[in-house]
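These notes are about the structure you will find just below.
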Amino acid sequence: MDLDEMLIAPLDVAAWQLADAELLRLIPALSLRMRQLEALRVRLMHQVDQRCVAEQAGASSPGNWLAGATTMTPGQANKIVRLGRGLAEHPEVAASFDAGRTDYDQVRVIVELLAKVPDGDDPAGLNAATKAGESSGEPDDTQTEADGDAGPNGDDGEGDAHRADGDGAEAADEPDIESVIFGPDVTRSEACARYLLYAARTEDSTTLARRAKALDQILNGDKKKSDSENAELNEFYASPGLGGRVHLKGHLDAASGEALLTALSALSKPRPGADNRDGQTSKDQRTPAQRRADALTLIVRTYLDSGQAPSEGGERPHINVFVDADDLAATTDDHHHERDRHRHLRGRRRGPAWMPWLGPISLDLAAQISCDADITPIAMDSDGNPIDVGRTTRLIPRKLRRALNSRDCGCAFPGCGRPAAWTEGHHIQHWSNGGPTNLSNLVLLCRFHHTTIHRGDWTVHISKDDSHPWFTPPPWIDPHRRPLPAHNRRNQLPFAA
């Protein structure tokens, strides 16, 4: 089927009937046509802009009219109008766009760079560019950049272009890059445009944007601090949502962003067994986004636990949870999980458990957080007013924590083994039910497996034979429920249940 025939009635195209070879032929051709149509829309909108057609139609601006006539946002519409104005000044870029050799995003990158070229109408030349690179302390970037960055296979950009052509010609048949960029009577803007158009043959818009940024640095140096390096433009929003989750949004300067990405990268690598619920060291099933979220949480928790944060409200910042002791005990009592769940509701004004920032939370989450925490008893009267505040005590002292680290060597859950610094101390019998805070009642668990244990499917106990934790899987994993040793003792034979 011919592409023009398909475009007459695209809804009638039975894609499932097309042969594999047809699909492979039609999709690139359709993509080229879409580029050309995108370019046509920009040209038409430029005429609307030049003739003041939108204002005559009652719109406040061409962008406002385009947004109203379509479903695109005002921001998208204004970008199209600005691109049309920019292309009018650079006909060589416009011709490449109209022919479909470059796409919309690539053309925007090129036009935005050309607007920053100093003395753009001055003549350009290879010698002048070389001298400019030497005077700025940079290598001959016109030559090295034009030759192309090293590709993933170690080839240069010219080799990539050769492969993209796919015509089997020798590399010597490729036009000399210097002759492509530097010709007679070529201005600096034209030379930069040709350079980026040449690179756009084999690079997507993201890679091309990096190249354009490097060219901008060479051309303008430190004359003007770019927005990407301006820390005064940094923004970060963290707001509780109606559903109880916290929504994050923001953008950082290059240096701060690099620091954040470096910290996240080190902690967000896949770890076999990190999310297992079957006791096996299997492939990490978390998505990259989930791993980054876990990494960010670990960074924040580690910082709060370090005690290095400045005081807020007269004390070092940490997570605060307020919960009724009786409700907490009922929640952590395996034999009376639902018993007296709603006792002592009088005087409780914010819910069964709550946090200062996010408000009510479940008792199960409160129980998990309270496993390894500082506890401050507060006596309340029948109307919910505090009448006495006891002394804050650390549930798991530092010396005991060191002993736990020595015994468990990290998350003890079978198949996990995350480092001890990433773990929390779990009370096997919760302290609110009289469980002691000692080695025979504690086990180290990462946050994921701490949550798994609190769900109640898996159980853990300290063996009287070897004084190490043993984990009992639920019946759908092992019908016989045979105990499994801690991760650091996974080569030990299980004792009889």
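Because the structure is predicted, anything quoted here is derived from the model rather than measured.
- Of all heavy-atom pairs spanning C446 and C411, the tightest one is N-SG, 3.3 Å.
- Across all non-hydrogen atoms, the minimal contact from P473 to D478 is CG-CB, 3.8 Å.
- Other residues, nucleotides and ligands contribute over 12 non-hydrogen atoms within 6.0 Å of the CD atom of Q56.
- For the pair L267/W422, a side-chain contact is recorded, criterion being any heavy-atom separation below 4.5 Å from C-beta on.
- Using a 4.5 Å cut-off on side-chain heavy atoms (C-beta onward), D294 and F448 make no contact.
- R201 forms a cation-pi arrangement with Y198, by the criterion of a distance under 6.0 Å to the ring centre and an angle within 45° of the ring axis.
- Other residues, nucleotides and ligands place more than 12 heavy atoms under 6.0 Å from the CZ atom of F236.
- The backbone N or O of E258 sits less than 3.5 Å from a side-chain atom of T262, completing a donor-acceptor pair.
- The shortest distance between side-chain heavy atoms of R291 and P270 falls below 4.5 Å.
- Legend: residues meeting side chain to side chain donor-acceptor pair (under 3.5 Å) with Q36, ordered by chain and number and at least two apart, are absent.
- Every residue was checked against the ring pair (Phe, Tyr, Trp, His ring centres under 6.0 Å) condition with Y104, not counting sequence neighbours, and none meets it.
- Within the 3.5 Å criterion, the main-chain N or O of E203 finds a donor-acceptor partner in the side chain of Q106.
- For D204 and T207, the side-chain atoms include at least one donor-acceptor pair closer than 3.5 Å.
- H426 has its ring centre less than 6.0 Å from the ring centre of H454.
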L219/C192 under side chain to side chain contact (heavy atoms under 4.5 Å, CB included): CA gap, chis, key distance, verdict: CA-CA 10 Å; L219 294 172; C192 290; 3.9 Å; yes
Please lay out, stage by stage, how R211 and Y195 fare under the test side chain to side chain contact (heavy atoms under 4.5 Å, CB included). CA-CA 10 Å; R211 185 180 291 276; Y195 166 56; 3.0 Å; yes
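- R35 contributes a side-chain N or O that, together with a main-chain N or O of G100, makes up a donor-acceptor pair within less than 3.5 Å.
- V117 is not listed as a side-chain neighbour of N220, based on a closest heavy-atom distance of 4.5 Å or more.
- Without hydrogens or angle criteria, N234 side chain to D253 main chain gives a donor-acceptor distance under 3.5 Å.
- Smallest separation of non-hydrogen atoms from L444 and A420: CD1-CB, 4.3 Å.
- Although no hydrogens or angles enter the test, the distance criterion places no donor-acceptor pair under 3.5 Å between the side chain of D216 and the main chain of A212.
- The two atoms that bring R188 and P123 nearest to each other are CG-O, 3.9 Å, heavy atoms only.
- Residue D4 qualifies as enclosed at atom CG: its count of foreign heavy atoms under 6.0 Å is above 12.
- With contacts defined as side-chain heavy-atom distances shorter than 4.5 Å, the pair I110/L197 qualifies.
- Residues satisfying the side chain to side chain donor-acceptor pair (under 3.5 Å) test with D103, not counting sequence neighbours, are none.
- Comment: E235 does not engage K249 in a salt bridge, judged by the lack of any side-chain N to carboxylate O separation of less than 4.0 angstrom.
- The closest donor-acceptor contact from the side chain of E22 to the backbone of A19 lies under 3.5 Å.
- Side-chain atoms of E190 come within 3.5 Å of backbone N or O of T187 as a donor-acceptor pair.
- For the pair R41 and E38, the salt-bridge criterion is met [side-chain N within less than 4.0 Å of a carboxylate O].
- Shortest non-hydrogen contact noted between F97 and V42 is CE2-CG2, 3.9 Å.
- Between the side chain of K269 and the backbone N or O of S265 there is at least one donor-acceptor pair closer than 3.5 Å.
- Taking the charged nitrogens against the carboxylate oxygens, R108 and E112 do have a contact shorter than 4.0 Å, which makes a salt bridge.
- By the 4.5 Å heavy-atom criterion applied to side chains, V109 and V107 are not counted as neighbours.
- Taking 4.5 Å as the limit, every side-chain heavy atom of L298 sits out of range of all side-chain heavy atoms of R447.
- A side-chain donor-acceptor contact under 3.5 Å links Q290 to the backbone of T287.
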N78 vs L66, side chain to side chain contact (heavy atoms under 4.5 Å, CB included): CA-CA, chis, key distance, verdict:
CA-CA 8 Å; N78 288 325; L66 180 58; over 6 Å; no
Trace of the side chain to side chain contact (heavy atoms under 4.5 Å, CB included) decision for T423 with L445 | CA-CA 5 Å; T423 60; L445 296 169; 5.9 Å; no
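- No donor-acceptor pair under 3.5 Å is formed between the side chain of S96 and the backbone N or O of E92.
- The two atoms that bring L264 and L296 nearest to each other are CD2-N, 3.8 Å, heavy atoms only.
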